[in-house]
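Reading through the structure tokens given below for one structure.
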Amino acid sequence: MAQNYWILKSEPSVFSIEDLASRPDQTEGWDGVRNYQARNYLKDGMNKGDAILYYHSSIKEPAIVGLCSVVREAYPDTSAWNPDSAYHDPKSIPEKPIWFQVDIQLKEIFTYPVYLRDLKKNPLFQDMILLKRGNRLSVLPASATHFHAILKMAGIKNKR
DNA sequence: GCCAACGTTGGC
DNA sequence: GCCAACGTTGGC
């Protein structure tokens, strides 16, 4: 099965890539996705081993800041049926979960983040979904071309 | 802090 | 099932 490439967005004030780095095994369940399209990407698109670009949003200099991978495929997001959770959604119940999460593991924090500003300057990324006006999805697919170009910009040697 | 874009909700 | 109102996202 071909490897897929994804972009996950997070506000660093909520959960940053440094937070991920501090987790046991540098692994965390990616819960709280409450958008159907994003959920479908998570649930139906993501396979174990897929590569993830980690994006910091809603800050002065939005940027792709690191590389992760999917270490566990979709399973029910239990925060949905926890009334104390900010992600509580009474429509989702254990017998019939609506929302799902995957587990991701940090591979690398970029020494040189790839800034949104720089992606916009480069014609190669013209049609990238991340740059589309009005795009608000927190889970996005990325093309192999864009993925590899971004790693190159980050100074990461192609490996694996 | 502003505002455009978009998704969701709810009245009809 | 339409659509206005509202809430949220996220770049600037």
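Here is the naming used below: chain letters follow the sequence lines, and residue numbers restart at 1 for every chain.
Legend: residues meeting side chain to side chain donor-acceptor pair (under 3.5 Å) with A:Ser138, ordered by chain and number and at least two apart, are absent. Considering only residues two or more places apart in sequence or on other chains, A:Asp19 meets the side chain to side chain donor-acceptor pair (under 3.5 Å) condition with A:Ser16. A:Ser69 meets the side chain to side chain contact (heavy atoms under 4.5 Å, CB included) test with A:Val71, A:Lys107; sequence neighbours excluded.
A:Lys60 comes within 4.0 angstrom of nothing in the nucleic acid, heavy atoms only.
Pairing each heavy atom of A:Pro97 with each of A:Trp81, the nearest pair is CB-CZ3, 3.8 Å.
Checked by atom type and distance alone, the side chain of A:His148 pairs as donor or acceptor with a backbone atom of A:Ala144 at under 3.5 Å.
Between chain A and DNA chain B, the heavy-atom contact criterion of under 4.0 Å yields a 5' to 3' nucleotide range of B:dA4 to B:dT9.
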N/O donor to acceptor pairs below 3.5 angstrom from side-chain atoms of residues 118-131 of chain A, sequence neighbours left out:
from, atom 1, to, atom 2, distance (Å)
A:Asp118, OD1, A:Lys121, NZ, 3.2
A:Asn122, OD1, A:Leu124, N, 2.9

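Here A:Leu67 contributes atom CG and A:Leu106 contributes atom CG; the two are 8.0 Å apart, rounded to the nearest 0.5 Å.
Note on ring orientation: taking the six-membered ring where Trp is involved, the planes of A:Trp30 and A:Phe15 are perpendicular (angle over 60°, cut-offs 30° and 60°).
A heavy-atom distance below 4.0 Å to DNA chain B is reached by these residues of residues 125-138 of chain A, ordered by number: A:Arg133, A:Gly134, A:Arg136.
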